[in-house]
Amino acid sequence: MNILERYHAMDYAPAPEARSEADAWLAARDFSKALFIAGDWRAATDSRTFDTEDPSSGKLLAKVSDTNAVDIEAAVAAARKALPKWSAASGYERAKVLYAIGRAMQRHQRLFAVLESLDNGKPIRESRDIDVPLAIRHFIHHAGWAQSLASEFPGRKAAGVVGQIIPWNFPLLMLAWKIAPALATGCTVVLKPAEFTPLTAILFAEICERAGVPRGVVNIVQGGPEAGAAIVNHPGIDKIAFTGSSEVGKIIRKATAGSGKKLSLELGGKSAFIVFEDADLDSAVEGLVDGIWFNQGQVCCAGSRLLVQESVADAFIAKVKTRMGRLRVGAPLDKNTDIGPLVDRTQLDRVRRLVEEGARQGAVCWQPDQEVPQSGYYHLPTLATGVAPANILAQEEVFGPVLATMSFRNTEEAVELANNTRYGLAASVWSENVNLALHVAPQLKAGVVWVNGTNMFDAACGFGGYRESGFGREGGREGLEEYLAPGEPHGPVIKPSSTPKQAARDTESHAIDRTAKLFIGGKQVRPDGNYSLPVLTPKGRLVGEVGLGSRKDIRDAVSAARACKAWPEATAYNRSQVLYYLAENLSGRAEEFAARIVELTGASHKAAKSEVETSIERLFWYAGMADKFEGRVHQPPVRTVTLALHEPVGVIGIVAPDEAPLLGLVSLLAPALAMGNTTVVIPSTTAPLVATDLYQVLEYSDIPAGAINIVTGHTAELTAVLARHDDVDGLWVVAEADICARAEAESTGNLKRVWTGHGRSLDWPTAQGEAFLRRAVEVKNVWVPYGD
Ligand code: NAD
């Protein structure tokens with residue numbers, strides 16, 4: 001072909017990245033000793049190995065040590081041993097180590113990129129320009145956090161030994177997201193990469209040796225689900241940080257229930273890519289290419305559901321098809337490649353199966369007319385049109401290069417379709433009208449929203465999901481919280497409440513008999529079962545009866561809380577005024593509440609009065625914070641502002657303690673309300689009349705119907721119903737240990753955010769502060785680019 005012919009063909013010649021250095025590294029290493037424990041390289045105790053292969057050819061890259069439970073034991077012991085010194089080291093000392101890691105990675109940047117592409121199959125352009133630089137940025141960014149930790153998070157301590165389990169789609173980047181904040185906060189780690197992609201973690205362990213990471217601070221083990229489960233179940237681990245599928249996330253939630261382990265889950269997604277008719281369609285097409293075909297679609301936040309406004313749908317789809325025809329499917333190490341192979345044969349089979357099933361359910365699946373390489377696990381980019389909202393391609397995470405498209409007529413429909421998923425990781429909104437985009441972003445149930453962009457990440461900006469996409473954030477301030485021990489002041493261990501012995505008649509009171517009911521949707525209602533529970537004094541004297549709430553009452557209460565829009569949509573200033581008013585009204589009846597506490601708990605009048613006074617003061621404080629605990633604006637190193645917005649979690653179930661029946665209740669309820677959540681409260685079992693007295697105050701305090709619902713009854717039974725209810729988004733439980741454990745174990749249906757005292761109470765007089773407000777919000781990061 002002469003130059004003129006080449007010019008007319010406008011085709012790409014191969015531009016392969018050199019792999020000699022990576023091959024030399026592979027040849028020189030003994031992968032049968034691939035476990036990095038206490039600073040040494042070890043073989044697995046039973047000498048088992050597993051294969052890791054090049055997905056573009058299926059050829060073996062290495063046989064890597066496969067960890068068993070004995071090796072995990074050694075790794076946890078090493079991390080435990082290293083913890084005291086590392087967590088006590090000065091922030092500056094830890095910062096220097098993080099900085100050294102970042103710099104050492106920079107010196108071997110290309111080797112990391114080539115190895116990552118060899119092991120995972122991702123195009124070298126991506127590993128070279130995105131994965132590796134972002135991983136490095138994470139370490140350098142967190143060096144600063146290590147040094148400023150004491151001033152930015154005063155009094156907070158490291159969570160301890162952390163078990164970290166990561167997936168194969170961004171092996172090095174996920175490692176960086178996990179290890180950098182852990183080291184910054186003074187934790188020590190046992191990290192397990194995914195079994196398909198062990199290599200860059202091994203190179204990273206070499207970097208740790210060179211960067212002066214003390215022995216045992218970073219331990220890297222290898223293997224699959226068995227090794228992962230051994231980490232999850234190890235009693236010597238204080239926190240589990242997991243990134244992977246929602247399915248395994250749920251297993252881990254269940255396995256850690258009742259263990260007291262802190263947990264963060266970064267799970268799957270089915271993110272919406274929303275194109276409004278006034279979008280710059282050509283830019284949106286380019287965004288879509290990044291959104292769904294980046295890393296072959298094996299991206300948790302892939303924009304795998306295209307929602308396009310009907311008026312431009314045909315034109316847009318035509319442009320997408322044209323662009324798809326130009327995507328280059330080929331060898332990962334070719335610098336011109338857009339789409340490489342999927343990570344493994346099993347993943348390819350899964351994607352094919354889902355596409356077939358989607359087509360069977362009515363979707364029309366289109367692929368560009370292109371050759372795929374003969375060997376390797378390649379799948380052509382695929383566009384599915386005519387996708388019904390219930391189609392498997394619209395609901396299931398495919399984790400491959402498959403785009404499901406749907407159209408919408410107006411903004412409401414776009415939001416409804418976008419939120420019609422059990423996931424809530426990310427979304428992209430495309431419109432030239434920034435007012436529209438910023439109107440839509442807060443309505444999307446997703447942890448990250450990109451306006452006129454997609455797949456933007458930065459170490460300073462939190463990343464993580466709503467709903468079944470998991471909980472916790474990685475990156476920035478929120479990410480550090482995940483590696484710090486909880487800040488609340490603990491109280492005593494809660495003992496199981498004994499069944500009242502005898503209900504003697506109250507012969508002292510001459511008041512007219514009053515029936516305490518449940519409080520649901522702003523109304524006093526009788527319990528569905530029409531049974532009551534006796535309320536006794538500590539000496540066994542009967543002072544009243546409350547409704548015995550049941551599953552049906554909890555369901556009604558949750559529906560009322562879900563239906564209440566007036567409270568979450570009220571301005572923070574408005575919520576603040578209502579909470580002030582509630583405090584004012586409670587103060588008007590302070591004496592009455594103090595007398596009730598004396599009667600039900602046997603507390604001295606002075607102590608009861610103090611409990612009421614502190615409750616009023618606490619309400620006042622949260623009223624004041626309602627419009628002050630705000631989000632932040634980040635300025636990542638791209639032309640974008642990132643708005644870290646505080647949004648309510650949603651419907652929160654609150655299980656209040658027996659001790660301090662008013663103050664305990666107010667301490668949990670007030671922060672939830674201040675941040676705009678609606679609530680279902682299960683009050684103290686021994687002193688429920690304090691809560692039923694409170695609803696009388698609520699009735700004239702301008703609290704909208706449904707914002708607070710109170711269901712009295714047996715705590716264990718009602719808590720379990722709340723835990724299993726998929727319309728409850730958060731659950732806070734202060735109760736005996738097995739009620740807490742059960743709440744965690746049974747919350748997996750929708751992966752609600754569960755916080756418990758793990759069988760301990762809090763020190764109620766001091767249980768106030770930002771820790772409670774933080775728990776009452778989800779942080780949504782909205783990325784807004786600027787410039788031409
Ligand atoms: P996976 O859940 O199968 O495996 C993830 C990790 O967990 C691997 O290291 C695996 O060995 C380990 N594992 C598997 N079973 C386990 C068990 N029972 N106990 C403990 N560990 C176990 O996920 P995958 O296929 O490797 O990764 C793809 C998934 O990861 C997708 O769902 C994707 O959306 C998700 N992901 C999420 C994020 C995020 O930040 N939200 C980022 C990347 C990937």
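We count ligands from 1, going down the list as the structure has it; atoms in each ligand are counted the same way. Note: hydrogens, waters and symmetry copies are ignored here, and every other heavy atom, side chains too, is used. None of the values given here were measured: they were computed from a predicted structure.
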For ligand 1, which atoms sit closer than 4.0 Å to a heavy atom of Cys300? 33 (C), 34 (O), 36 (N), 37 (C), 38 (C), 39 (C), 40 (O), 41 (N), 42 (C), 43 (C), 44 (C)
Taking N or O atoms only and a 3.5 Å limit, does Ile166 qualify as a polar contact for ligand 1? yes
Ligand-residue contact atoms, ligand 1 with Leu425, heavy atoms, under 4.0 Å: 41 (N)
If every non-hydrogen atom of Lys122 is compared with every non-hydrogen atom of Gln296, which pair is closest and at what distance? CA-NE2, 4.0 Å
What residue and atom, counting heavy atoms only, is the protein's closest point to atom 21 (N) of ligand 1, and at what distance? Gly228 CA, 3.5 Å
Looking only at heavy atoms, is any part of Met174 under 4.0 Å from ligand 1, and if so is it the side chain, the backbone, or both, or is it neither? side chain
Would you sort out whether Trp755 and Phe471 count as a ring pair (Phe, Tyr, Trp, His ring centres under 6.0 Å), showing the intermediate values? CA-CA 12 Å; Trp755 170 83; Phe471 41 77; over 10 Å; no
In terms of the angle between their ring planes, are Phe457 and Phe463 parallel, tilted or perpendicular, with boundaries placed at 30° and 60°? perpendicular
Pair Lys63 + Asp51, salt bridge at N-O below 4.0 Å: yes
Glu195-ligand 1 polar pair, N/O distance under 3.5 Å: yes
Suppose we measure from atom 23 (O) of ligand 1 to each protein heavy atom; which comes out shortest, and what is that distance? Ser245 N, 3.4 Å
One finds that the ligand 1 atoms under 4.0 Å from a non-hydrogen atom of Glu266 are 37 (C), 38 (C), 39 (C), 40 (O), 41 (N)
Best match, Gly223, Pro171, Pro225, Gly163: closest heavy atom to atom 14 (C) of ligand 1: Pro225
Gly224 neighbourhood, listing ligand 1 atoms whose heavy-atom distance to it stays under 4.0 Å: 11 (O)
Under 4.0 Å between a Lys/Arg side-chain N and an Asp/Glu carboxylate O for Arg125 and Asp338? yes
May I ask you to check whether Glu397 has an N/O atom sitting below 3.5 Å from an N/O atom of ligand 1? yes
Considering only protein heavy atoms, which is closest to atom 24 (P) of ligand 1, and at what distance to one decimal place? Trp168 NE1, 3.4 Å
The side-chain contact (heavy atoms from CB on, under 4.5 Å) partners of Ala135 (sequence neighbours excluded) come to Met105, Leu172, Leu173, Ala176
A student checking ligand 1 against Lys192 at a 4.0 Å heavy-atom cut-off should list atoms 8 (C), 9 (O), 10 (C), 11 (O)
Considering only the protein, which heavy-atom contact is closest to atom 19 (N) of ligand 1, and what is its distance? Ala229 N, 3.6 Å
Please lay out, stage by stage, how Asn68 and Thr45 fare under the test side chain to side chain donor-acceptor pair (under 3.5 Å). CA-CA 7 Å; Asn68 62 27; Thr45 38; 2.9 Å; yes
Which residue and atom name correspond to the protein heavy atom nearest atom 28 (C) of ligand 1, and how close is it? Phe399 CE2, 3.4 Å
Does the distance from a Lys or Arg side-chain N to an Asp or Glu carboxylate O, for Asp238 and Arg80, drop under 4.0 Å? yes
With a 4.0 Å cut-off, strictly under, does atom 4 (O) of ligand 1 pick up any protein heavy atom? no
Do the charged groups of Glu396 and Lys270 touch, with an N to O distance under 4.0 Å? no
With heavy atoms of Ala194 as the reference, note each atom of ligand 1 found under 4.0 Å away. 9 (O)
For ligand 1, which atoms sit closer than 4.0 Å to a heavy atom of Thr243? 5 (C), 36 (N), 37 (C), 38 (C), 39 (C), 40 (O), 42 (C), 43 (C), 44 (C)
Atoms of ligand 1 close to Asn169 [distance to a heavy atom under 4.0 angstrom, numbered from 1]: 43 (C), 44 (C)
Just to be sure I read this right, does ligand 1 sit under 4.0 Å from the backbone of Ala227, its side chain, both, or neither, counting only heavy atoms? neither
Side chain, backbone, both or neither: which part of Phe196 comes within less than 4.0 Å of ligand 1 when only heavy atoms are counted? neither
Of Gly244, Ala302, Pro167, Gly268, the residue with the heavy atom nearest atom 35 (C) of ligand 1 is Gly244
Is the closest heavy atom of Gly465 to ligand 1 under 4.0 Å? no
Could you tell me whether Lys250 and Glu468 make a salt bridge, using a distance below 4.0 angstrom between a side-chain N and a carboxylate O? yes
Within-shell test, Ser469 vs ligand 1, heavy atom, strictly < 4.0 Å: no
Give a yes or no on whether a salt bridge exists between Glu647 and Lys445, defined as a side-chain N under 4.0 angstrom from a carboxylate O. no
Say whether, by atom type as modelled, one donor and one acceptor occur between the side chain of Glu126 and the main chain of Asn295 under 3.5 angstrom. yes
Which residue owns the protein heavy atom closest to atom 16 (C) of ligand 1, what's the atom, and how far is it? Val248 CG1, 3.4 Å
Within the 4.5 Å heavy-atom criterion, are Thr256 and Val232 side-chain neighbours or not? yes
Nearest protein heavy-atom contact for atom 41 (N) of ligand 1: which residue, which atom, what distance? Leu267 O, 2.8 Å
Less than 4.0 angstrom from a charged side-chain N to a carboxylate O is my criterion; do Glu474 and Lys178 meet it? yes
Across all chains, not counting sequence neighbours, the ring pair (Phe, Tyr, Trp, His ring centres under 6.0 Å) partners of Phe170 are Phe294
Without swapping roles, check the side chain of Lys262 against the backbone of Ala241 for a donor-acceptor pair under 3.5 Å. no
closest protein heavy atom to atom 12 (C) of ligand 1 is Ile165 CG2, 3.6 Å
Within the structure, does Phe170 bring an N/O atom to less than 3.5 angstrom of an N/O atom in ligand 1? no
